[in-house]
There are 2 protein chains.
Amino acid sequence: MTDKCGTLGSVPRSGADARRRLQQAALELYQERGFDRTTSAEIAARAGVNERTFFRHFPDKREVLFDGEADLRAALMQSVAEAPGELPALDALLHAFRRAAQILEDNRAFREPRLRIIAATPTLRERELAKAAMLTDALAEALRQRGVADRLAGLAAATGWATFHHAAQDWIDDPSRSLEKHLLQAFDDLRGLAS
Amino acid sequence: MTDKCGTLGSVPRSGADARRRLQQAALELYQERGFDRTTSAEIAARAGVNERTFFRHFPDKREVLFDGEADLRAALMQSVAEAPGELPALDALLHAFRRAAQILEDNRAFREPRLRIIAATPTLRERELAKAAMLTDALAEALRQRGVADRLAGLAAATGWATFHHAAQDWIDDPSRSLEKHLLQAFDDLRGLAS
DNA sequence: CCGCATTTGTCAGTCACTGGCGCTACGGGC
DNA sequence: GCCCGTAGCGCCAGTGACTGACAAATGCGG
């Protein structure tokens, strides 16, 4: 019934490949019709697989857009761990965020359509916030492993992430300056606020 | 077919009353069976109304638990506006949070079961994060109306809220000290981090 | 060539949520 | 007392996200 081999010929059905096609199809459809006007069946159809397969690769419709987040988290945690030994908490975070900024700037074109879709869809913003919360938890844990006092780690991670996020927002609104510039300014602003 | 007037007799069907019964029923069922093991039909049945009525009062299953949030937001914004004139941004926020802390401490028993349910349910945590994001946006706006620089308002609101939330978390873990104590300590910690 | 594991297709089912329609109870104007 | 507009509700039918179970296919080592 489905054009399993009809449209694309004998595609390498390696599993990871279907996953990529599903991500691509979802991204396209979310752009064309908007998130809530595209059904999971449509995504699966464009990817050339069954609807059920979609939910085997992703737990729900939203998660398709949040796939690289685990990598970002890992990179951030590693950067925090590798930060110069006696740097205080916020500086260690800034060190990690500068690395993350590099990554974000490199594949900006790649992430931009995704950001627009998320920004336009409340339910996707919710999911994004949840991912951010998981990320700050991970950052707090990384700070603790650095020796940051248990009580301070969570607070430092939360405020640090808020500052990073704020910088990223500024960068989106004004891409003429680099993310790193925005980041440094945001951390300066933070210290100014708390003085 | 339904026991519309059968079980409870001629209840005052004033609309706002059905809403309260729905909230109560949902809270009970979420406690008894957990959020995802209770259906909207069950909530409606216990409240003595039709399932459709549930969705007339609340846009979705989660929102039942987040009803007072608008009040909290209004109270916070008013407190920020009423804060002594030349207080810097973070201090104005602290002023508002101390008022909010009073409110939270007063109906702690009222909110505690709700917190447990939310903490135990990922999808409810997502919604809570979304509400918090709306709240920080409102705080940023309140700060701007106070004359806080446009660029700083968002950052101050985000870090301030993170600090408040952190204090509230500490308070839940250690209720022997007052929320206000935790709040003051958290803001001290924040200034310590940024020094 | 044969099991064996992984991936997928198919089907049936649950449940959140929506639109539409008709009923009914209530409050105000006459 | 009567009419009428409105608001809240019950009811029904429908869409769409997601799940569990089972069978078919695909590819790989023996």
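In what follows, chains are A, B, ... by sequence order, proteins preceding strands, each numbered from 1.
- With sequence neighbours left out, D170(B) forms a salt bridge (charged side-chain N to carboxylate O under 4.0 Å, His left out) with no residue at all.
- Applying the side-chain hydrogen bond (donor to acceptor under 3.5 Å, both in side chains) definition to pairs two or more places apart or across chains, those involving residues 185-195 of chain B are R151(A)-D189(B), D91(B)-R191(B).
- Taking atom CZ on R19(A) and atom P on dT8(C), their separation rounds to 11 Å, with Å as the unit.
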Show me the side-chain donor-acceptor pairs of residues 38-45 of chain B shorter than 3.5 Å, one per line, residues at least two apart or across chains.
from, atom 1, to, atom 2, distance (Å)
T39(B), OG1, A41(B), N, 3.4
T39(B), OG1, E42(B), N, 3.1
S40(B), OG, E51(B), OE2, 2.8
E42(B), OE1, R33(B), NH1, 3.1
E42(B), OE1, T39(B), N, 2.9
E42(B), OE2, R33(B), NH1, 2.5

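- Between F187(B) and F97(B), the angle of the ring planes lies from 30° to 60°, which puts this pair in the tilted group.
- The CG atom of L22(A) sits 14 Å away from the P atom of dT7(C) (whole-angstrom rounding).
- Residue pairs that meet the salt bridge (charged side-chain N to carboxylate O under 4.0 Å, His left out) test with at least one member in residues 156-165 of chain A, sequence neighbours left out, do not exist here.
- Going from atom CH2 of W161(B) over to atom CG of L76(B) covers 6.5 Å, rounded to the nearest 0.5 Å.
- At whole-Å resolution of the value, CG in L29(A) and P in dG16(D) are 14 Å apart.
- Pairs engaging residues 68-86 of chain A under the salt bridge (charged side-chain N to carboxylate O under 4.0 Å, His left out) rule: E82(A)-R99(A) [sequence neighbours left out].
- For D60(B), the salt bridge (charged side-chain N to carboxylate O under 4.0 Å, His left out) criterion is met by R127(B), not counting sequence neighbours.
- Partners of F66(A) by ring-ring contact (aromatic ring centres under 6.0 Å, His included), not counting sequence neighbours: none found.
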Expected list for residues 115-125 of chain A: side-chain donor-acceptor pairs under 3.5 angstrom, two or more places apart:
from, atom 1, to, atom 2, distance (Å)
T121(A), OG1, I117(A), O, 2.9
T123(A), OG1, R62(A), NE, 3.2
R125(A), NH1, A119(A), O, 2.7

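- With rounding to whole Å, D17(B) atom CG is found 13 Å from dC26(C) atom P.
- Proximity of N50(A) to the phosphate of dT10(C): a side-chain N or O atom is located under 4.0 Å from OP1 or OP2.
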| said: Return a single string for nucleotides 12-22 of chain C, one symbol per nucleotide in 5' to 3' order, where B is base contact, S is sugar-phosphate-only contact and - is none, cutoff 4.0 angstrom on heavy atoms. | reply: ---SSBBBB--
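- OP1 or OP2 of dC9(D) has at least one side-chain nitrogen or oxygen of H57(B) nearer than 4.0 Å.
- The terminal axes of the helix from dC1(C)-dG30(D) to dC30(C)-dG1(D), fitted over 5 pairs per end, subtend an angle of 0° to the nearest 10°.
- Residues from residues 118-133 of chain B lying near DNA chain D, meaning a heavy-atom separation below 4.0 Å, are absent.
- Under the side chain to side chain donor-acceptor pair (under 3.5 Å) criterion, D150(B) pairs with R144(B), not counting sequence neighbours.
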